[in-house]
Amino acid sequence: MNEIHPIQLIFKYEAFNEGYSFSLKWEDNGLIIKQLSKNQSLNQSQNQNRNQSLNQGQNLNHDQNQNEQKIIPSNDEWEDFWYYLDEIKIWDWYEDYRVTCRDSCVEDDEWEVDIVFGDMKVESHGGNSYPPTFREFLKAIEELTGILIEVIQQD
């Protein structure tokens with residue numbers, strides 16, 4: 001496959017009770033990342049991750065909004081990302097992972113993944129439930145972006 005960039009890449013994660021959200025979108029030849037947290041130490045961790053990313057050769061631009069960033073991964077980083085997604089079999093994820101909670105649990109998180117790369121495609125989403133390799137997917141996103149994702153819900 002000659003193309004290294006996605007045709008489409010959208011990832012969203014929200015933990016409503018914790019006031020945390022993370023979104024990633026491929027746009028204008030870069031990854032637009034928006035992160036919002038009640039915990040204001042987020043800006044400090046973003047700065048640490050930004051410095052780490054710059055040391056790894058990534059081109060990163062901050063918008064005036066401290067919670068939004070644009071990252072342009074290198075071709076090697078993209079290759080590693082696609083290889084890892086193949087390894088975790090993301091292309092085989094179901095469309096919907098959802099646990100409906102009645103009185104026995106608190107619903108507080110939702111996620112969405114929509115990726116098109118070449119002839120490969122995955123559209124998957126869920127609430128309070130995840131594919132078996134969801135944590136590995138988060139790790140791949142973190143390695144591609146250099147940004148830690150605060151997953152609140154434990155499965």
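Below, all heavy atoms of this structure are taken into account, side chains as well, without hydrogens, waters or symmetry copies.
A salt bridge between E123 and K121 is present, with a side-chain N of the basic residue lying under 4.0 Å from a carboxylate O of the acidic one.
Members clustered with I10: none, using a 4.5 Å side-chain heavy-atom cutoff among hydrophobic residues.
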Result block: side-chain N/O donor-acceptor pairs under 3.5 angstrom for residues 22-33, not counting sequence neighbours:
from, atom 1, to, atom 2, distance (Å)
W26, NE1, P6, O, 3.2

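Note that OG1 of T145 is 9.5 Å distant from CD of E143, once rounded to the nearest 0.5 Å.
Across I88 and W93, no two heavy atoms sit closer than the pair O-NE1, 4.3 Å. Minimum interatomic distance between W111 and S124 (heavy atoms only, all atoms of both residues): CH2-OG, 3.2 Å. Smallest separation of non-hydrogen atoms from Q35 and L148: OE1-O, 3.2 Å. In plain terms, the two heavy atoms of L85 and A140 that are nearest each other are CD2-CB, 4.4 Å. Across W82 and I4, no two heavy atoms sit closer than the pair NE1-O, 2.7 Å. Shown here for S37 and Y20, the closest heavy-atom pair between the two residues is CB-CD1, 3.8 Å.
Looking only at side-chain heavy atoms (C-beta outward), I147 and Q69 come within less than 4.5 Å of each other. For the pair E150/Y13, no side-chain contact is recorded, criterion being any heavy-atom separation below 4.5 Å from C-beta on. Within the 4.5 Å cutoff, the side chain of F81 has no heavy atoms near those of the Y84 side chain. Taking the side chain as every heavy atom from C-beta outward, W91 and F117 approach each other to under 4.5 Å.
Ring pair F137/F11: centre-to-centre distance below 6.0 Å.
Residue pairs that meet the salt bridge (charged side-chain N to carboxylate O under 4.0 Å, His left out) test with at least one member in residues 80-96, sequence neighbours left out, are D96-R98.
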